[in-house]
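Let me begin by presenting the structure, written as C-alpha cells, before commenting on it.
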Amino acid sequence: MNDVIVNIFNLSLEPQNFPAFKALVAEIVEATRQEPGTLTYEYSVSSDQRSVHIIERYSSEGLVSHIDQTFAPFAKRFLDLVTVTGLVVYGNPDAEARKRLDGFGAVYMSPFDGFTR
C-alpha cells in the first residue's frame with residue numbers, strides 16, 4: 001500500500017449547476033481513463049445534488065501527472081462550478097504531490113496497519 005495514494009474530495013455545488021458539472025465530469029473521466037497510473041476515479045452525488053464526493057486512487061507516480069497534465073485543462077471550469085469543502089489523503093504522497101494537494105486543504109492520513117486485496 002506504500003505506493004498507492006487515495007484521495008477523497010468533498011465538493012459542494014448548487015443543484016442548478018449539476019447538469020453542466022455532470023457534462024464536464026464526463027470529459028474529465030474520459031481523459032483520466034487513459035492514465036495508466038490512475039487506478040480508481042469515481043464521482044458520487046447526493047440526492048439533492050448539492051454534495052459530490054470523488055474517490056481517486058493512484059499509483060504514487062500517477063497523481064502528479066493527473067493534476068498537471070490531465071486535470072489542468074479542466075480546472076477553471078471545474079472550480080467555477082463547485083467548491084472543494086474537504087480533501088482527505090490516504091497514503092504517503094511525496095513532496096511534489098503534497099504541493100498540489102495542499103492547495104485544497106488536504107488532511108493527510110498515514111497508514112499504519114491493514115491490507116488491500
Side-chain angles (χ1 to χ4, degrees):
M1 186 158 153
N2 289 339
D3 64 338
V4 173
I5 308 298
V6 176
N7 300 327
I8 300 178
F9 280 90
N10 295 312
L11 312 172
S12 66
L13 74 157
E14 294 300 322
Q16 68 268 20
N17 290 340
F18 184 70
F21 182 68
K22 185 176 179 183
L24 176 60
V25 165
E27 293 179 54
I28 298 169
V29 168
E30 191 54 39
T32 302
R33 191 180 311 279
Q34 309 308 311
E35 299 173 334
T38 301
L39 308 173
T40 304
Y41 196 71
E42 298 177 344
Y43 285 74
S44 298
V45 65
S46 62
S47 61
D48 64 1
Q49 298 181 337
R50 291 183 176 276
S51 179
V52 171
H53 288 184
I54 312 169
I55 300 172
E56 305 175 345
R57 186 170 154 257
Y58 300 95
S59 61
S60 58
E61 66 277 355
L63 176 61
V64 171
S65 66
H66 169 75
I67 294 169
D68 289 357
Q69 296 171 17
T70 305
F71 183 73
F74 302 103
K76 181 176 180 343
R77 287 189 295 157
F78 187 93
L79 294 172
D80 284 345
L81 293 169
V82 299
T83 300
V84 177
T85 58
L87 168 59
V88 179
V89 179
Y90 300 88
N92 295 305
D94 63 20
E96 286 301 309
R98 284 178 181 253
K99 271 198 262 185
R100 286 138 180 97
L101 297 170
D102 285 347
F104 296 108
V107 173
Y108 296 96
M109 305 293 289
S110 296
F112 67 94
D113 199 353
F115 65 91
T116 300
R117 293 187 192 202

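Small disclaimer: the values here were computed from a predicted structure and weren't measured.
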Taking all non-hydrogen atoms of both residues, which atom of Y43 and which atom of I28 are closest, and how far apart?
-> OH-CG2, 4.2 Å

Atom of P93, atom of I5 and distance for their closest heavy-atom approach = N-CD1, 3.4 Å

Steps toward side chain to side chain contact (heavy atoms under 4.5 Å, CB included) verdict (V107, V89) = CA-CA 6 Å; V107 173; V89 179; over 6 Å; no

Using modelled atom types only, decide if a donor and an acceptor are shared between the side chain of S46 and the backbone of S51 within a distance under 3.5 Å.
-> yes

State whether D94 and R98 are salt-bridged, where the test is any N-O pair (Lys NZ or Arg NE/NH1/NH2 against Asp/Glu carboxylate O) under 4.0 Å.
-> no

Any donor-acceptor N or O pair under 3.5 Å, side chains D102, Y108 = yes

Evaluate side chain to side chain contact (heavy atoms under 4.5 Å, CB included) for I54 paired with V25, printing each intermediate quantity in order.
-> CA-CA 11 Å; I54 312 169; V25 165; over 6 Å; no

dist E56:CD -> T38:OG1 (nearest 0.5 Å) comes out at 8.0 Å

Should V4 and S60 count as side-chain neighbours, where that means a heavy-atom distance under 4.5 Å?
-> no

Out of curiosity, N17 CG to S12 OG, how far, rounded to the nearest 0.5 Å?
-> 10.5 Å

Kindly assign one of parallel, tilted or perpendicular to the pair F18 and F21, based on the angle between their ring planes and the thresholds 30° and 60°.
-> tilted

For E96 and V64, which heavy atoms make the closest approach, and how far apart are they?
-> C-CG2, 4.0 Å

When rounded to the nearest 0.5 Å, the distance separating CG of L79 from CZ of R77 is 12.0 Å

Between F71 and F78, is the ring centre distance below 6.0 Å?
-> yes

Assert yes or no for the condition that the ring centre distance of F9 to H53 is strictly below 6.0 Å.
-> no

Roughly how far, to the nearest 0.5 Å, is CD1 of I67 from OH of Y58?
-> 6.5 Å

Got R100 and D68 here, is their nearest side-chain heavy-atom distance under 4.5 Å?
-> yes

Which distance, rounded to the nearest 0.5 Å, do you find between the NE2 of H66 and the CG of N7?
-> 8.5 Å

So which of V84, L87, T85 actually passes side-chain contact (heavy atoms from CB on, under 4.5 Å) with L11?
-> V84

Take V88 and M109 through the test side chain to side chain contact (heavy atoms under 4.5 Å, CB included) and record every step on the way to the result.
-> CA-CA 7 Å; V88 179; M109 305 293 289; 3.7 Å; yes

Are E27 and K22 close enough for a salt bridge, meaning some N to O gap below 4.0 Å?
-> no

Taken to the nearest 0.5 Å, the spacing of L24 CG from L81 CG works out to 6.5 Å

Apply the test side chain to side chain contact (heavy atoms under 4.5 Å, CB included) to residues L101 and L63: give CA-CA distance (whole Å), side-chain angles for both, the deciding distance (0.1 Å), then the verdict.
-> CA-CA 10 Å; L101 297 170; L63 176 61; 3.7 Å; yes

Work out which heavy atom in R57 is nearest to a heavy atom in V6; give both atom names and the distance.
-> CG-CG2, 3.8 Å

